[in-house]
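Just so you know, residue 1 is the first one in the sequence shown, and it goes up from there.
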Amino acid sequence: MITFFFLFACNKILLFLHFDFYRISIFVRSLYELLFFSIILLFINEVRLLFLKIFLLMFVLFLAGQIILSLEVDYTYRFSENIFAFNKYFFIFMIYFALYKLLDSREKFERIIKLLENIFLINSAVILIGLIFQISFLRTYIPLYRYGYDGFIPAPNEATFFFFFFLFFSLYCYYFLVRVFKKFWLLF
């Protein structure tokens, strides 16, 4: 999580500085994907096997759709962008099925929860700093058209996901893990 958060920040800075290639996180994410996929294969069980079957089915359907789409469109077709999007949506499932056994270890799970809380608080503090000091690269949009700050998260949809994730994560911790609910986080 720390690595991904740091890479999000690097992506955002490189994008702000108008670098031609700013998606450096894709290389590290690829390494993590290989690691997670290896864990799934090395420690295969019924749950992980079911995930692999569903993943393979979805990938075959995706490829079939891409072939049909490429034959039907009149504009420049970019398979690489579509495979990137497919990969992005399945990455979270790959993480889950590689690491879901951590849920059995309360101590390890508590460390993950603390880490997620800290990442959320750091990004929220960066957003407030961006708002107070009007730091342009922390903005979500071009100021003339829309308003908002997303901190180190490089895209508005990812920032929205990040905050919804933390909202539901906080509620999960409160209702199911019976952790102390820090109400100021919701305000933050």
Side-chain angles (χ1 to χ4, degrees), residues 1-36 78 80-100 102-103 108-177 179-188:
M1 293 301 293
I2 291 171
T3 304
F4 289 131
F5 184 68
F6 174 74
L7 289 171
F8 271 158
C10 290
N11 284 358
K12 179 123 186 196
I13 292 167
L14 292 174
L15 180 63
F16 178 75
L17 296 174
H18 304 290
F19 276 71
D20 289 334
F21 185 78
Y22 58 89
R23 289 181 171 173
I24 59 170
S25 63
I26 196 167
F27 297 113
V28 176
R29 192 171 88 195
S30 297
L31 292 174
Y32 273 102
E33 283 186 43
L34 287 173
L35 172 68
F36 294 142
R78 292 186 152 158
S80 61
E81 287 296 318
N82 293 342
I83 195 78
F84 178 74
F86 176 83
N87 180 277
K88 185 193 302 190
Y89 290 115
F90 261 92
F91 183 60
I92 190 74
F93 295 109
M94 192 173 293
I95 293 171
Y96 174 78
F97 285 102
L99 304 177
Y100 79 95
L102 288 175
L103 294 172
K108 290 177 184 174
F109 191 63
E110 283 292 327
R111 288 195 331 225
I112 292 170
I113 288 172
K114 193 69 181 158
L115 178 65
L116 290 173
E117 290 170 348
N118 289 333
I119 289 172
F120 175 77
L121 291 173
I122 289 167
N123 196 60
S124 296
V126 168
I127 288 171
L128 286 176
I129 290 167
L131 174 68
I132 292 167
F133 296 106
Q134 300 291 301
I135 300 172
S136 60
F137 93 91
L138 297 175
R139 288 183 188 271
T140 307
Y141 307 104
I142 298 169
L144 298 174
Y145 304 106
R146 294 177 77 179
Y147 174 78
Y149 289 84
D150 55 7
F152 287 133
I153 309 300
N157 59 340
E158 291 171 351
T160 301
F161 170 78
F162 183 74
F163 282 99
F164 270 114
F165 172 80
F166 192 77
L167 173 66
F168 289 111
F169 169 76
S170 297
L171 293 172
Y172 175 82
C173 288
Y174 177 71
Y175 285 110
F176 296 104
L177 300 180
R179 294 183 85 233
V180 176
F181 189 61
K182 298 171 182 161
K183 294 177 185 168
F184 78 94
W185 285 1
L186 291 178
L187 295 174
F188 199 48

The reported gap from OH in Tyr149 to OG in Ser124 (rounded to nearest 0.5 angstrom) is 15.0 Å
Residues passing the side-chain hydrogen bond (donor to acceptor under 3.5 Å, both in side chains) test with Asn123, sequence neighbours excluded, are none
Lys108 meets the salt bridge (charged side-chain N to carboxylate O under 4.0 Å, His left out) criterion, sequence neighbours left out, with none
Exercise for the section: Give a yes or no on this: more than 12 heavy atoms of other residues, nucleotides or ligands lie within 6.0 Å of atom CZ of Phe91. Expected result: yes
Across all chains, not counting sequence neighbours, the side chain to side chain contact (heavy atoms under 4.5 Å, CB included) partners of Phe84 are Arg23, Ile26, Arg29, Lys88
Taken to the nearest 0.5 Å, the spacing of Ile119 CD1 from Glu117 CD works out to 11.0 Å
Taken in chain and number order and not counting sequence neighbours, the residues that satisfy side chain to side chain contact (heavy atoms under 4.5 Å, CB included) with Ala98 are Phe36, Ile39, Ile40
Heavy atoms of Ala159 and Ile153 approach each other most closely as N-CG2, 3.3 Å
Under 6.0 Å between the ring centres of Phe93 and Phe97?
no
Across all chains, not counting sequence neighbours, the ring-ring contact (aromatic ring centres under 6.0 Å, His included) partners of Phe27 are Phe21
In residues 125-135, what donor-acceptor pairs under 3.5 Å come from side-chain atoms, sequence neighbours left out?
residue: Gln134; atom: OE1; partner: Arg139; partner atom: NH2; Å: 3.0
residue: Gln134; atom: NE2; partner: Leu131; partner atom: O; Å: 2.8

Applied to residues 2-12, the salt bridge (charged side-chain N to carboxylate O under 4.0 Å, His left out) test, sequence neighbours excluded, yields Lys12-Asp150
Sorted by chain and number, sequence neighbours left out, ring-ring contact (aromatic ring centres under 6.0 Å, His included) with Phe8 holds for none
Distance col, row Ile112:CD1 vs Leu115:CG, nearest 0.5 angstrom, shows 8.0 Å
Original post:
Is the shortest heavy-atom distance from the side chain of Phe16 to the side chain of Leu138 under 4.5 Å?
Top reply: no
Applying ring-ring contact (aromatic ring centres under 6.0 Å, His included) to Phe19 and not counting sequence neighbours gives none
Q. Below 4.5 Å, heavy atoms only, C-beta onward: do Asn82 and Phe86 meet side chain to side chain?
A. no
Applying side chain to side chain contact (heavy atoms under 4.5 Å, CB included) to Thr3 and not counting sequence neighbours gives Leu7, Val28, Tyr32
- Task: Look at the aromatic rings of Phe166 and Phe120 and report parallel, tilted or perpendicular, splitting at 30° and 60°.
- Result: parallel
Hits for ring-ring contact (aromatic ring centres under 6.0 Å, His included) against Tyr100, two or more places apart or cross-chain, chain-then-number order -> Tyr96
Value for CG (Asn11) from CZ (Phe6), rounded to nearest 0.5 Å, stands at 10.5 Å
